Amino acid sequence: MKHPLILCGIACWLTLAAPLWAQTHGHGGDDDWAGMVGMTGALGPYLSPREASGTSWQPDITRHDGLHGMLGDWVFMAHGEANLVYSDQGGPRGDEKGFLAGMVMASARRNIVEGQSLMLRTMLSFDPQMGKRGYPLLFQSGETADGVEHLSDYQHPHNLFMELAASYSIALNEQDSIFIYAGLPGEPAIGPTAYMHRASAMHSPETPLAHHFLDSTHIANGVVTVGYVADRWKLEGSIFTGREPNQFRTEINAPHLDSYAARVFWNPDPYWSLQVSAARIHSPEQLEPNIDETRWTASATYNRPYGADVWATTAAWGRKNLSSGKSYDAFLLESAYTFGETDTVFGRFEHVELAELFDHASPLHETVAKPFKLSLGYVHDVPLTDEVTLGVGALVSAYAYSQRIEPEYGAPPLSSMIFVRIKVQ
Ligand SMILES: [Cu+2]
């Protein structure tokens with residue numbers, strides 16, 4: 001693909017255009033809008049704000065902003081975001097780069113008969129135009145830029161097509177349902193809601209270091225999930241393609257449904273969402289094709305409104321057990337507080353165990369780095385119209401790690417990002 005930026009731009013705007021068109025050409029009056037706010041989920045007979053990326057759940061109280069429109073029996077929703085970011089990562093392995101990140105997401109839903117709901121959803125990323133290395137992010141590791149070397153201290157770009165999926169659910173009674181979800185690509189039933197959709201994470205332009213322990217399977221090249229919703233509980237299982245996306249970020253590859261995942265979600269009250277999940281991932285890494293991974297995750301998300309203010313927090317643990325016998329853990333605690341509807345403070349604390357940072361030439365090749373990272377940031381949003389906001393923000397990150405890795409990373413540095421973002425919702 002010679003012009004991923006152009007393709008991405010066209011695809012992104014088409015996705016946003018569908019609900020906008022429906023908004024202006026449909027019969028989406030205030031009464032319809034009131035009906036949509038009280039709409040049940042695509043996967044079950046609960047209120048739709050519980051639903052997040054893939055088939056994941058978030059607390060029922062989570063605020064859902066987006067463009068909405070109706071056309072016949074179809075309900076369209078869309079939102080999008082573009083972030084212009086400058087990342088300055090400290091220390092000898094740090095780097096600097098300005099880049100554009102962002103995504104758009106759109107869905108179309110209708111009831112086929114009463115209690116049976118069909119949803120089509122697409123999610124597109126601007127990331128491929130960043131270049132194959134993505135952007136500098138100290139201690140990030142995972143995937144590859146060239147098919148030869150592990151990508152270290154950089155966050156890989158996400159694929160142009162992050163989700164092209166459909167789901168169908170059948171309500172069994174007023175609380176329970178069964179559903180099927182299929183995507184190429186799509187998100188299997190593992191981990192918490194993917195970070196770009198988590199209320200506690202979405203204000204930060206940084207990808208969590210724990211991404212490859214928790215939610216990195218969110219772009220699986222083929223997934224089928226079936227699930228059972230019993231009121232506040234959900235049990236689901238997936239078969240999916242284990243191999244992570246390769247360095248060609250505008251391609252969709254043929255599915256190999258060679259991996260399995262199972263997850264239990266529990267939303268005990270409107271504020272909490274808890275999950276545990278496990279996955280057997282066949283040959284996830286292109287560079288280490290003989291290694292399989294068993295992944296375990298557990299997470300708790302607490303979202304709470306205080307008048308017009310919103311506080312969102314997630315704690316998560318992820319473990320990779322590799323078929324080589326090695327095992328690595330990651331811990332994450334992140335929180336965001338939005339006050340006055342325009343200002344958000346956000347922070348994230350992480351501890352990760354990383355084995356891929358040092359190449360064969362390094363004397364530290366066998367060393368597992370175990371950095372701690374703390375990021376704190378702030379963003380101020382200015383509403384431009386009812387649907388569009390312009391935000392300006394910054395964050396700073398500090399680290400703590402063993403002296404053993406200082407020959408490569410130097411004394412713990414500071415890193416920073418500044419960003420300008422446009423949100424359409
Ligand atoms: Cu990702």
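In each ligand, atom 1 is the first atom listed, and ligand 1 is the first ligand listed. Source: prediction; values computed, not measured. Just so you know, residue 1 is the first one in the sequence shown, and it goes up from there.
- Counting heavy-atom neighbours within 6.0 Å of Trp317 CH2, excluding the residue itself, gives a total above 12.
- In summary, no N, O or S atom of His156 is located under 2.8 Å from the Cu ion (ligand 1).
- For Lys370, the NZ atom counts as loosely surrounded, since its 6.0 Å shell holds 12 or fewer non-hydrogen atoms of other residues, nucleotides or ligands.
- The environment of CH2 in Trp311 is sparse: at most 12 heavy-atom neighbours from other residues, nucleotides or ligands sit within 6.0 Å.
- In this pair, Phe346 and Phe419 present their aromatic rings tilted. The plane angle is within the 30 to 60° band.
- When rounded to 10 degrees, the angle formed at the Cu ion (ligand 1) by NE2 (His158) and NE2 (His218) equals 100°.
- Of all N/O/S atoms in His211, NE2 sits nearest the Cu ion (ligand 1).
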